[in-house]
Amino acid sequence: MKIATCNVNGVNGRLPVLVRWLEEEQPDIAVLQELKAPQEKFPEKTIRDLGYDVVWHGQKSWNGVAMLSRVGEIHETRRGLPGDPDPAQSRYIEAAVNGLLIAGLYLPNGNPRPGPKFDYKLLWFERLIEHAADLLASGAPVVLAGDFNVMPTELDVYKPERWLDDALFAPEVRAAFFRLLEQGWTDALRTMHPDETIYTFWDYFRNAYGRNAGLRIDHLLLSPSLADRLVDAQVDRQVRGWEKTSDHAPTWIELADAKPARRKQK
DNA sequence: ATGGCACATTATATGTGA
């Protein structure tokens, strides 16, 4: 089963890119971020016509998250984090799909640092860490996927020294990411590619994509039972080269089928 | 330190992103 995350940077403005990617790569489950569309303006019919069930949490102008599935119905379990510091911002959606619990998230950018936006990022991160602990404690097979707006290590940023004061690479933000991982989550991309330079984002300026001046900020984190089923993790970096594309490339994992439950011996 | 680009908005400039 292939599970993908993509920050689409405007679901309507970039709908042709999204449709082409879904047709070519056919992810079984996908989470999307930065819809930049109010609830009533989500292109539901286009997505359903491609064979996907879909739920979404829209917001005018900014943020907005969605989940797509072509492997069975989506059973939404929550939208918004418990104790969300600003419920008006649509940044979290969670659902049971095909035997998995999938969380799609869009962590705040947090720039400029210092400032109220950075404080909000840290607060949101703390709420996520608390909720993630509950998800792990449930024992369910969970995928936490989305745009985390964090480069975890120096390997994840083209010029680390230039990003030290940025909200995406600040020490306290990276520390929060590692506190989350230490609960027992597996960073799927990094686990499959331990030493590789692998990015998920290239900005629109200065030919960043052409120069491979990128960042790895989109992540898929796996609960322990799913980490055992991880067989591949990749970035569809070619999508970043298409016309009118997002500045993020789709990122995905492949999970092996769950082992059937052991039958009792007679 | 700045600005480069691109999205959205009861737009024609501004806020936001990373």
Side-chain angles (χ1 to χ4, degrees), chain A residues 5-21 31-43 46 56-66 85-86 88-92 104-122 124-125 146-174 176-177 189 197-219 235 237 239-251:
Chain A
T5 178
C6 187
N7 178 319
V8 295
N9 191 8
V11 71
N12 288 306
R14 305 191 190 281
L15 192 56
V17 169
L18 175 62
V19 168
R20 178 179 169 192
W21 170 67
V31 292
L32 310 180
Q33 305 86 39
E34 272 210 273
L35 303 178
K36 292 185 172 178
Q39 190 67 13
E40 64 276 14
K41 291 273 179 65
F42 183 85
T46 303
W56 69 98
H57 189 196
Q59 182 186 332
K60 195 171 86 171
S61 301
W62 298 304
N63 310 315
V65 288
D86 180 3
Q89 300 192 25
S90 300
R91 297 182 174 276
Y92 187 89
L105 64 97
Y106 177 42
L107 214 133
N109 174 307
N111 278 307
R113 169 183 177 267
K117 289 188 175 178
F118 188 69
D119 296 341
Y120 173 66
K121 179 177 196 168
L122 293 180
W124 204 94
F125 218 145
D147 177 358
F148 284 69
N149 270 316
V150 183
M151 295 87 87
T153 76
E154 297 199 340
L155 194 53
D156 302 314
V157 49
Y158 65 101
K159 275 200 176 163
E161 68 278 5
R162 285 204 189 166
W163 287 84
L164 289 171
D165 293 328
D166 191 278
L168 279 70
F169 198 53
E172 55 271 54
V173 174
R174 293 161 64 190
F177 186 81
L189 263 285
T197 296
I198 181 165
Y199 299 138
T200 65
F201 167 93
W202 298 261
D203 81 27
Y204 291 117
F205 320 135
R206 297 163 300 206
N207 189 31
Y209 180 61
R211 295 186 296 120
N212 197 28
L215 310 172
R216 190 175 75 95
I217 54 178
D218 300 277
H219 306 298
V235 177
R237 73 190 310 289
V239 176
R240 181 62 182 80
W242 296 352
E243 290 291 317
K244 299 281 287 176
T245 199
S246 170
D247 37 9
H248 297 250
T251 304

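Fair warning: this is a prediction, and the values are worked out from it, not measured in the lab. Residue numbers begin at 1 in each chain, while the letters A, B, ... track the order of the sequences.
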Colleague: Rounding to an integer number of Å, can you tell me how far A:R211 CZ sits from B:dG4 C1'?
Modeller: 11 Å
Colleague: For B:dA8 and A:K41 - does any side-chain N or O of the residue sit under 4.0 Å from the phosphate oxygens OP1/OP2?
Modeller: no
Colleague: Mind checking the C1' distance from B:dT9 to B:dG4? Whole angstroms is fine.
Modeller: 22 Å
Colleague: Under the ring pair (Phe, Tyr, Trp, His ring centres under 6.0 Å) test, which residues partner A:H248, sequence neighbours left out?
Modeller: A:F201
Colleague: Which letter, B, S or -, goes with each nucleotide of nucleotides 11-18 of chain B from 5' to 3', with contact meaning a protein heavy atom under 4.0 Å?
Modeller: ----BSSB
Colleague: Taking the P atom in each of B:dT2 and B:dA6, what is the distance between them to the nearest angstrom?
Modeller: 23 Å
Colleague: Taking atom P of B:dT10 as reference, at what distance in whole Å does atom CD of A:E40 sit?
Modeller: 11 Å
Colleague: For A:T245, which residues count as a side chain to side chain contact (heavy atoms under 4.5 Å, CB included) partner, sequence neighbours excluded?
Modeller: A:V17, A:V239, A:R240, A:W242
Colleague: Can you list the residues that meet the ring pair (Phe, Tyr, Trp, His ring centres under 6.0 Å) rule with A:W56, with sequence neighbours excluded?
Modeller: A:F42
Colleague: Go through the structure and list residues passing side chain to side chain contact (heavy atoms under 4.5 Å, CB included) with A:N63, not counting sequence neighbours.
Modeller: A:Q59, A:Q89, A:R91, A:Y106
Colleague: Holding to side-chain hydrogen bond (donor to acceptor under 3.5 Å, both in side chains), I want the full list of residues that pass it with A:N212, two or more places apart in sequence or in another chain.
Modeller: A:W202, A:R237
Colleague: Taking the P atom of each, how far is B:dA13 from B:dA1, in whole Å?
Modeller: 30 Å
Colleague: Decide side-chain contact (heavy atoms from CB on, under 4.5 Å) for A:V8 and A:R14; before the verdict, give the C-alpha distance in whole Å, the side-chain angles of both, and the deciding distance to 0.1 Å.
Modeller: CA-CA 7 Å; A:V8 295; A:R14 305 191 190 281; 5.5 Å; no
Colleague: Once you round it to whole Å, what is the distance between C1' of B:dC7 and NZ of A:K60?
Modeller: 15 Å
Colleague: For the P atoms, the ones on B:dT14 and on B:dT10, what distance do you get once it is rounded to whole angstrom?
Modeller: 16 Å
Colleague: In this structure, how many angstroms lie between the C1' atom of B:dG4 and the CZ atom of A:R162, rounded?
Modeller: 13 Å
